[in-house]
Visitor: 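One structure is given below, represented as structure tokens, and several questions about it will come after.
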Amino acid sequence: MTLKKSRLDYKWVVLIVCFLMEFLCLGFCSSNVGLYTKAVTEALNIKRSVYSLSTSIRYVVQVVTALYFGALVNRFGIKKMVCIGLISLTGSVVIRAYATEFYHLYIGGALWGVGIVFVGSTMAGTIVRRWFHQDIGKYTGIVMSANGIGGAIAAQIISPIINNGETFGYRKAYLLSAVIALAIGIVIMIFLREHPADGPVVQTTTAKKKPKGAMWTGIPYETVKKKPYFYAAAAMVFLTGISLQSIGSISVVYITDLGMSPSFIATSATVSSLCLTGTKILVGTVYDKKGLRFTLAMCQVAAIIAFAIKAVLTNSIIGMVLTITASVLVTIATPLETVMLPLLSNDLFGSASYNKVLGIFMAMNSLGLCLGSPLGDLYFDTFGTYRPCFWFFAVLIAVVAIGYQFVIRAAQKDKEAILAAENV
């Protein structure tokens, strides 16, 4: 009896391991990228658009890797792929630290992409889904909230290092991240397990009880790929990715160009990261209680308002207050490209095609992030301003929000028909 209890309780150890994994991957090694932009481009004497291509390469690699995510995990297992992800992520940080030419940054970006796929939100969502059979949204949100904590701590640690007056001071910040990656990676590999002792947990919905955050049998992938709303959903994921990444990649350097002080920028990044800790849990919990439609709309409205605020910022007291306000709102929108991807896959298409659908959604999201990364900087290099970008993507997110309503309506009809047939 004691052994059985220990096995059941180990899911909480796995939850902590996943939390540490996201703390490292999404928090310390991936958040606050904008803090490096000015320092790296000035030290290496390259244009911002050239520098941002390293992020684009990261996303290209993510697209390709994500398409094979399900097949690789099925063949080699979660633990081996997480190990590959940790090695790739650490290598990426070290290469970016010692880069002397722009193409060194691109090599680092490629490894970064591999690391994000196998240690990031896609893997975390897959692991949580193996160990928990209800309240999936809440536990997914808890795990991915580590991004906020890691980002908040990182902002306070690396910002002074980057801005210490040394031309290559940012290298010390990268190397510190590599040491942290190595230490946390060892802990992860010691305690991570493939699945519960009795095999992956699966509990599907029934006609009598259909909690919004629970798994359901789902639609086979052969059927899914014949559904028009599957391709529409993939398109919405792509457009969301390109919008959030375009704005996210320029936000820090945008307020830097406005003349706001480095200390305020670091504080803003910290506030944003801390809020992200809570908003990811909030989004997951809201999904469990209110469902997919409401949760998506909440995130999208927050994004639209945040983008509009950023478009009118000035270097003033009011501008600083609005900057913090927009940063908080963006944290409500950010889960659209992390927490919501596994939840979207589960809610629309269920267990039967989950891994393949999640891989495709991750690939489309990464493609959007890839194309979105250089857009703002390219616009700046051409016209000398970022402002119109914020208005454009506010409108684009509004279009996406409308499109999702049609996708959810079509998917819900199929879901209800399948659940009804199972309970005849």
Side-chain angles (χ1 to χ4, degrees), residues 14 17-18 21-22 25-26 57-89 91-92 109-133 136 140 143-144 185 188-189 192-196 199-202 204 215-227 229-231 233-235 237-238 241 337-370:
V14 172
V17 168
C18 288
M21 192 166 72
E22 299 313 285
C25 180
L26 298 180
I57 290 172
R58 161 201 164 178
Y59 290 123
V60 169
V61 172
Q62 277 186 220
V63 170
V64 176
T65 309
L67 289 174
Y68 295 96
F69 174 82
L72 290 170
V73 168
N74 290 338
R75 180 171 182 179
F76 298 106
I78 283 176
K79 195 165 184 175
K80 288 181 180 178
M81 299 317 300
V82 167
C83 182
I84 290 175
L86 289 168
I87 293 172
S88 299
L89 199 63
S92 167
L111 289 174
W112 186 9
V114 174
I116 289 293
V117 172
F118 293 121
V119 195
S121 57
T122 303
M123 182 61 80
T126 300
I127 295 173
V128 168
R129 197 171 180 277
R130 282 195 176 190
W131 286 82
F132 294 87
H133 63 268
I136 301 173
T140 302
V143 166
M144 295 187 189
I188 290 171
M189 294 312 298
L192 180 62
R193 291 184 183 177
E194 287 289 329
H195 51 66
V201 176
V202 177
T204 57
M215 292 183 280
W216 64 291
T217 305
I219 308 172
Y221 184 69
E222 290 302 314
T223 303
V224 167
K225 66 183 184 180
K226 297 177 182 177
K227 300 288 184 180
Y229 65 82
F230 165 64
Y231 298 97
V237 170
F238 167 74
E337 59 183 3
T338 53
V339 177
M340 291 308 298
L341 290 183
L343 301 182
L344 185 69
S345 304
N346 178 71
D347 199 286
L348 295 182
F349 302 105
S351 299
S353 56
Y354 176 81
N355 285 338
K356 289 185 178 180
V357 169
L358 178 58
I360 290 172
F361 280 177
M362 178 63 179
M364 294 305 295
N365 180 63
S366 298
L367 182 60
L369 300 179
C370 165

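No hydrogens, no waters, no symmetry mates; every other heavy atom, side chains included, goes into these values.
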Visitor: Which distance, rounded to the nearest 0.5 Å, do you find between the CD1 of Ile57 and the CH2 of Trp112?
Guide: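 Rounded to the nearest 0.5 Å, the CD1-CH2 separation comes out at 11.5 Å.
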Visitor: Which heavy atom of Ser366 sits nearest a heavy atom of Gln62, and at what distance?
Guide: OG-NE2, 2.8 Å
Visitor: Could you label the plane-to-plane angle of the Tyr229 and Phe349 rings as parallel, tilted or perpendicular, counting under 30° as parallel and over 60° as perpendicular?
Guide: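 Because their plane-to-plane angle is under 30°, the rings of Tyr229 and Phe349 count as parallel.
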Visitor: Distance check, rounded to the nearest 0.5 Å: Cys83 atom SG versus Ile188 atom CD1?
Guide: 10.5 Å
Visitor: How about Met123 and Val73: do any of their side-chain heavy atoms sit closer than 4.5 Å?
Guide: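 A side-chain contact under 4.5 Å exists here.
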Visitor: Passes side-chain contact (heavy atoms from CB on, under 4.5 Å), Thr65 versus Phe118? Steps please.
Guide: CA-CA 9 Å; Thr65 309; Phe118 293 121; 3.3 Å; yes
Visitor: Would you say the side chain of Arg130 lies within less than 4.5 Å of the side chain of Ile78, judging by non-hydrogen atoms?
Guide: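 The answer is yes, as the side chains (C-beta and beyond) meet within the 4.5 Å cut-off.
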Visitor: What pair of heavy atoms forms the shortest contact from Ser121 to Glu22, and how long is it?
Guide: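 Here Ser121 and Glu22 meet closest at N-OE1, 3.4 Å.
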Visitor: As an exercise, state the distance from CE of Met189 to NZ of Lys80, rounded to the nearest 0.5 Å.
Guide: 10.0 Å
Visitor: So does Tyr231 have more than 12 non-hydrogen atoms from other groups sitting under 6.0 Å from OH?
Guide: yes
Visitor: Is the shortest heavy-atom distance from the side chain of Phe238 to the side chain of Asn365 under 4.5 Å?
Guide: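 SC-SC contact between Phe238 and Asn365 ruled out.
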Visitor: Are any of the side-chain heavy atoms of Thr122 and Leu341 separated by less than 4.5 Å?
Guide: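 Result no, sub-4.5 Å side-chain heavy-atom pair not found.
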Visitor: Counting C-beta onward and ignoring hydrogens, is there a side-chain heavy-atom pair between Arg129 and Ser351 closer than 4.5 Å?
Guide: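 A side-chain contact exists here, since the closest heavy-atom pair is under 4.5 Å.
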Visitor: Could you grab the distance from atom CZ of Arg193 to atom CD1 of Ile127, nearest 0.5 Å is fine?
Guide: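 That separation rounds to 13.5 Å.
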Visitor: Distance from Glu194 atom CD to Trp131 atom CH2, nearest 0.5 Å?
Guide: 10.0 Å
Visitor: When rounded to the nearest 0.5 angstrom, what is the spacing between CE in Met81 and CG in Leu86?
Guide: 11.5 Å
Visitor: Mind listing the closest non-hydrogen atom pair of Ser353 and Val224 along with its distance?
Guide: OG-CG2, 3.5 Å
Visitor: May I ask you to test the Phe361-Pro342 pair for a side-chain heavy-atom distance under 4.5 Å?
Guide: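 SC-SC contact between Phe361 and Pro342 ruled out.
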Visitor: Which heavy-atom pair separates Met144 from Ala124 by the least distance, and what is that distance?
Guide: CE-CB, 4.5 Å
Visitor: Would you mind reporting whether Phe69 and Met362 have side-chain heavy atoms less than 4.5 Å apart?
Guide: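 A side-chain contact is absent here, since even the closest heavy-atom pair is not under 4.5 Å.
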Visitor: Indicate the atoms forming the closest heavy-atom contact of Ala352 with Gly218, along with that distance.
Guide: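 Result for this residue pair: CB-C, 3.9 Å.
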Visitor: For residues Ser88 and Val114, report the shortest heavy-atom separation together with the two atoms involved.
Guide: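 Taking Ser88 first and Val114 second, the nearest heavy atoms are OG-CG1, 3.4 Å.
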Visitor: Looking at Asp347 and Leu343, would you say the former's side chain and the latter's main chain have a donor-acceptor pair under 3.5 Å?
Guide: no
Visitor: Are the side chains of Phe230 and Ile219 in contact, using a 4.5 Å heavy-atom criterion?
Guide: no
